[in-house]
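See structure below.
Note that the coordinates shown come from a computational prediction; the quantities given were computed from them, not determined experimentally. Within every chain, numbering begins at 1; the chains are lettered A, B, ... in the order of the sequence lines, protein sequences first and strands thereafter.
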Number of protein chains: 2
Amino acid sequence: MTQARMITPLFVDLAKVEHHHQLACQSCALYRLCLPLGLHRDDLSKLDQIIKRSAGYKRHQILFEPSSSFKTIYIVRSGSFKTTISAADGREQVTSFYFPGEFIGMDAIYQQRYLSTARALEASSVCELPYERLQDFSSKIPELQNQLMTRLSKELSSDKNLLLSLGKKTAQEKLISFLLSMSQRFSERGYSATSFQLTMSRGDIANHLGLAIETVSRLFTQLQEQQLLTIQGKEVAILDLSALKQRCG
Amino acid sequence: MTQARMITPLFVDLAKVEHHHQLACQSCALYRLCLPLGLHRDDLSKLDQIIKRSAGYKRHQILFEPSSSFKTIYIVRSGSFKTTISAADGREQVTSFYFPGEFIGMDAIYQQRYLSTARALEASSVCELPYERLQDFSSKIPELQNQLMTRLSKELSSDKNLLLSLGKKTAQEKLISFLLSMSQRFSERGYSATSFQLTMSRGDIANHLGLAIETVSRLFTQLQEQQLLTIQGKEVAILDLSALKQRCG
DNA sequence: ACACTTTATTGACCTGGATCAATGTGTGAA
DNA sequence: TTCACACATTGATCCAGGTCAATAAAGTGT
């Protein structure tokens with residue numbers, strides 16, 4: 001989500017205000033995608049007071065890991081993150097990518113312990129929601145409670161769709177599904193649905209989809225040969241969105 | 001979860017009361033595993049009034065599917081269920097199995113539409129929680145709200161663990177992880193951790209783990225040859241639990 | 001007890017994608 | 001600008017697990 005790729009006004013102000021850590025939700029460019037949506041004006045300003053705007057995270061910097069104590073749910077403010085879960089022997093699975101307005105760390109509510117490790121994919125920043133205070137608030141503000149449940153349920157839905165990909169789809173279908181999901185998320189954020197910059201490496205994509213790096217690389221080449229997209233480095237241009245939709249299973 | 005396999009007092013009364021659809025939560029044998037845990041006596045009796053105890057479902061009967069309108073979250077009262085999610089071309093992925101005390105349908109909160117199809121694996125029954133009324137209640141009862149969030153988060157955790165299995169584990173590790181998860185869930189419910197009856201078919205297990213039926217069958221044979229367990233039909237006896245734990249990755 | 005259907009096992013063979021290996025292409029530090 | 005190192009592509013080969021095929025059990029209804 002680099003500044004260079006912005007094509008609509010939604011994020012125009014983000015660069016300017018990036019350093020104003022205590023910017024109120026009401027004037028945040030993410031308002032339409034974020035938690036406060038649907039909250040009353042005065043509820044929102046109360047919520048505002050418990051939210052801490054963090055300093056930035058650098059590429060590869062850890063936001064939390066299983067050894068961190070769970071106190072906070074994070075919302076991406078700018079940039080992007082990945083979460084990974086580890087097997088006993090160190091094998092890792094990239095479970096999700098997160099973009100502005102999305103919540104990270106909700107799987108820690110059960111067990112009060114982060115299940116996964118979250119790392120920045122690029123220079124990024126987050127808002128921190130102290131979970132205990134969020135609980136207090138949401139018992140007073142039904143709409144907030146509703147938002148939290150909806151977000152949890154949304155993550156559940158996307159994990160279940162990924163299960164379908166991992167369990168039943170071919171390598172090509174997996175990669176196309178992934179690209180379409182990226183396309184949709186960029187477009188929801190006011191960027192082009194057909195031309196965007198991936199923030200994760202080929203290795204991250206391959207791992208996330210249960211494939212080898214080489215397979216991902218070959219598939220990109222193949223999709224280019226079929227004139228469905230172009231890709232150079234991290235820059236993707238989708239040439240035939242509907243053809244891709246037909247091939248994703 | 002057949003009556004024949006009960007070995008502790010936890011479920012002793014369940015057979016007798018099975019037909020009392022309006023049995024109160026307070027006297028339900030599932031109390032310790034279920035939603036009401038931690039609720040005050042009077043809150044509980046209020047909750048009781050919005051819960052509907054359903055009639056039974058037969059093996060293979062559908063509890064809900066994506067075309068059903070979302071109004072209800074279900075809790076398994078007896079028996080077991082599976083949920084499947086479908087690709088456009090009809091391929092299905094078994095996303096979860098559900099046992100007594102577990103919640104089905106939480107992925108429908110986002111979008112207000114069931115994402116998956118839920119089917120009974122055996123003769124089963126559920127409690128129905130009308131979601132709207134549950135929302136009203138949980139804004140008055142913080143502990144209930146907390147329970148709901150925790151359940152959502154728990155399902156998120158187990159889905160993420162399944163992602164790790166599907167993405168990074170070998171066929172044998174997948175099957176062992178699955179058996180250990182079953183073992184734990186039976187044991188939480190007062191059944192033996194080492195001797196239990198699977199309620200799902202080989203096909204369901206294979207599908208859930210992203211394997212072919214034949215592979216599952218061969219792996220069972222192989223694990224028997226290695227003296228780690230015995231299996232005849234659906235009856236499993238784990239002979240060396242700790243050896244299995246070492247091999248699940 | 002019977003026939004009939006569904007589910008599970010076992011063997012033989014095949015293939016999609018992994019692995020191994022070599023080379024090419026950024027990209028950031030000094 | 002150059003070095004150094006991480007990341008990406010491409011080709012050759014291999015194998016875990018899938019597919020196909022043939023029985024064998026285990027349910028299920030009559």
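- Across all strands, Ala212(B) comes closer than 4.0 Å to base atoms (heavy-atom distances).
- Within 4.0 Å (heavy atoms only), Gly233(A) reaches no atom of the nucleic acid at all.
- Listed nucleotides dG11(D), dA18(C), dC20(D) differ in distance to Glu214(B); the shortest reach to its side chain belongs to dC20(D).
- Looking at heavy-atom distances under 4.0 Å, Ser217(A) makes contact with a base.
- Under the side chain to side chain contact (heavy atoms under 4.5 Å, CB included) criterion, Ala108(A) pairs with Phe70(A), Tyr114(A), sequence neighbours left out.
- Computed from coordinates, the Asn207(A) CG to dC7(D) P distance equals 13 Å when rounded to whole Å.
- Under the rule for a side chain to side chain contact (heavy atoms under 4.5 Å, CB included), the partners of Ile62(A) that lie at least two apart in sequence or sit in another chain are Glu65(A), Thr117(A), Arg119(A).
- Atom CZ in Arg202(B) sits roughly 18 Å away from atom P in dA24(D) (whole-Å rounding).
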Donor-acceptor contacts, no H, no angles, side chain residues 236-249 of chain A, under 3.5 Å, sequence neighbours left out:
unit_1, atom_1, unit_2, atom_2, d
Asp240(A), OD1, Ser242(A), OG, 3.3
Asp240(A), OD1, Ala243(A), N, 3.0

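- If you take NZ of Lys168(A) and C1' of dG16(C), they are 16 Å apart, rounded to a whole angstrom.
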Just do the side-chain hydrogen bond (donor to acceptor under 3.5 Å, both in side chains) check on Ser80(A) and Glu122(A) with the steps written out, would you? CA-CA 6 Å; Ser80(A) 50; Glu122(A) 61 189 310; 2.6 Å; yes
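- Between the P atom of dT7(C) and the CG atom of Asp204(B) lies a distance of 9 Å, rounded to the nearest Å.
- If you measure from atom CG of Leu219(B) to atom P of dT10(C), you get 12 Å, rounded to the nearest angstrom.
- Mapped onto DNA chain C by nearest heavy atom, Gln172(A) and Lys234(A) fall at different nucleotides, with Gln172(A) at the one closer to the 5' end.
- Using a 3.5 Å distance cut-off with no hydrogens or angles, the side chains of Ser78(B) and Ser124(B) do not pair a donor with an acceptor.
- Put simply, Thr221(B) has a side-chain N or O that comes within less than 4.0 Å of OP1 or OP2 on dT10(C).
- Not a single donor-acceptor pair, N or O on each side, falls under 3.5 Å between the base of dT6(C) and the side chain of Arg59(B).
- For a distance-only test at 3.5 Å, the side chain of Arg218(A) fails to qualify as a donor-acceptor partner of the base of dG16(C).
- Atom pair Gln197(B):CD and dG27(D):C1' shows a separation of 13 Å (rounding to whole Å applied).
- Whole-Å rounding puts the Phe220(A) CZ to dT25(C) C1' distance at 17 Å.
- We find that CG of Leu209(A) is positioned 12 Å from P of dG17(C), with the value rounded to whole Å.
- Comparing the helix axis at one end of the helix from dA1(C)-dT30(D) to dA30(C)-dT1(D) with that at the other, each defined from 5 consecutive pairs, gives an inter-axis angle of 60° (nearest 10°).
- Heavy atoms of Lys174(B) sit nowhere under 4.0 angstrom from any nucleic acid atom.
- Listed by first and then second residue, the salt bridge (charged side-chain N to carboxylate O under 4.0 Å, His left out) pairs involving residues 158-168 of chain B are Glu155(A)-Lys160(B), Asp159(A)-Lys160(B), Lys160(A)-Asp159(B) (not counting sequence neighbours).
- Lys82(A) meets the salt bridge (charged side-chain N to carboxylate O under 4.0 Å, His left out) test with Asp204(A); sequence neighbours excluded.
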